[in-house]
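Taking it in order: structure first as structure tokens, then the write-up.
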Amino acid sequence: MTRHAITVLGHDRPGIIADTTGRLAGLGLNLEDSTMTLLRGHFAMTLVCQGDAPEAEIATALAPLTDDGTLTVTVREVPAEPSYEPAGSPWVLTVHGGDRPGIVSSVVGEVAQVGGNITDLTTRLAGDLYLLVAEIDLPAATDVDALRVSVDAAAAALGVGATLRPAEADEL
Amino acid sequence: MTPEPTVLAWTEAELGVEGGVLEVVRAPRPVLATPGERVDPTAPDVVQLAADLVATMRVSPGCVGLAAPQVGIGAQVFCVDVSAHPKTRGHHGTFVLCNAEVLEASRNERAREGCMSVPDLTGDVKRASRVVVRGELPGSGTEVTLAAEAFEARALQHEIDHCAGLLFLDRVAGAHAVHHRKTYL
């Protein structure tokens, strides 16, 4: 059994997911994880599937998706990763303000400095408003107040605002 | 919950001035990310601002609350009126509060929020569905403490956040909790 990562990018239209997953199912592949969104209207999907089909066979099966020239498909074998288990505490970072280059790199750089791991990230551009929302695992020993100060400083230097707060989970 | 009688009875007529419609500003205007100043609720400019907020709320389709930073003024003043909204249970009708704060909050619920100052996005935000809020009525300066529930509680917290320089974007539940707005009022 091997595991493959597949990306599908390009012009959006109805049926891309049905077409892609149908072809993978036809090869007996099991979809283990997937994410899809529209980025500025562009279809963007990444998925990981497991099965016996070799890379070349998967690529051949998915090739018709690219026939009209509006989609790009990549297939790559990937090793099994140990399941991710956060070692620290979960936080949500929000940054918003006037759009300009460097907001993401500057602010998340402060998170990286303390060994924080971004587990999910969304950025949106809505008119002049640029928004970043990131879910972060911070190491247990992190001085969160100090991180907040450095994140605020990085955000202020860019003329944007930042909020760092614990990610709340409902324990039922 | 029993509505606080002074607040329930309040109308903008008590302000004694005509409200004007103001322009609603949008993020990333810095005033929306800056904590508002405390105000004197009896000051004439605050009374006029209160009337203007109500007038602007009234002409804005779907608007159930409006805070001073949303009209470009960094002050702790907002108006609310959820009485016509389908998610409303108990409510206090139209009212304006100055220098408001949440004293008690309980029973968190997650729901999707929009904002006139962030017209292109909505977000899933967890907020208390029961709150006790203290504030001062503009004009008389009367201090009031009211208990609000359900949608009115959410609206109050959203507006108090505006007065503290926070948008709902600062409270979204996570990276997948922000959405492009699909319908515009």
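Every heavy atom of this structure was used, including side-chain atoms; hydrogens, water molecules and symmetry mates were not. Chain letters run A, B, ... following the sequence lines, proteins first, then strands; residues in each count from 1.
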Query raised in the report: Shared ILVMFWY cluster between Leu22(B) and Leu15(B), side chains joined below 4.5 angstrom?
Result: yes
Query raised in the report: Are the side chains of Val172(B) and Thr94(A) in touch, meaning some heavy atoms are under 4.5 Å apart?
Result: yes
Query raised in the report: Is the CD atom of Glu77(A) crowded by more than 12 outside heavy atoms at less than 6.0 Å?
Result: yes
**Report entry** Crowding at CZ, Arg76(A) (>12 non-hydrogen neighbours, <6.0 Å)
**Finding:** no
Requested in this report: For residues Leu169(B) and Leu129(A), determine if any side-chain heavy atom of one lies less than 4.5 Å from a side-chain heavy atom of the other.
Outcome: yes
Query raised in the report: Would the number of heavy atoms belonging to other residues, nucleotides or ligands and lying under 6.0 Å from CG of Asp143(A) be above 12?
Result: yes
Query raised in the report: Is it the backbone or the side chain of Leu121(A) that comes under 4.5 Å from a heavy atom of chain B, or both, or neither?
Result: backbone
Query raised in the report: Around Arg26(B), counting heavy atoms of other residues, nucleotides and ligands shown, do more than 12 lie under 6.0 Å from its CZ?
Result: no
Query raised in the report: Which heavy atom of Asp120(B) sits nearest a heavy atom of Gly127(A), and at what distance?
Result: OD2-N, 3.9 Å
Query raised in the report: For Glu55(A), does the CD atom have more than 12 heavy-atom neighbours from other residues, nucleotides or ligands under 6.0 Å away?
Result: yes
Report task. Identify which part of Ala173(B) has an atom lying under 4.5 Å from any heavy atom of chain A, answering side chain, backbone, both or neither. Result -> backbone
Report summary line: Of Val92(A), Leu164(A), Thr163(A), the one forming a side chain to side chain contact (heavy atoms under 4.5 Å, CB included) with Asp170(B) is Thr163(A)
Requested in this report: For each of Glu135(A), Arg165(A), Glu168(A), tally heavy-atom pairs with chain B at distances under 4.5 Å, and name the one with the top tally.
Outcome: Arg165(A)
Report task. Determine the option with the most heavy-atom pairs under 4.5 angstrom with chain A, choosing from Ala175(B), Ala33(B), Pro30(B), Gly165(B). Result -> Ala175(B)
**Report entry** Verify same cluster id: Tyr130(A), Leu39(A) (apolar side-chain graph, 4.5 Å)
**Finding:** no
Report summary line: Minimal heavy-atom distance between Val178(B) and Arg124(A), with the atoms involved, is O-NH2, 3.2 Å
Query raised in the report: Of the non-hydrogen atoms in Pro28(B) and Gly98(A), which two are nearest, and what is the gap between them?
Result: CB-N, 3.2 Å
Query raised in the report: How long is the span from the NE2 atom in His180(B) to the OG1 atom in Thr37(A), to the nearest 0.5 Å?
Result: 8.0 Å
Requested in this report: Please answer: with hydrophobic residues joined when any side-chain heavy atoms are less than 4.5 Å apart, are Met116(B) and Ile73(B) in the same cluster?
Outcome: yes
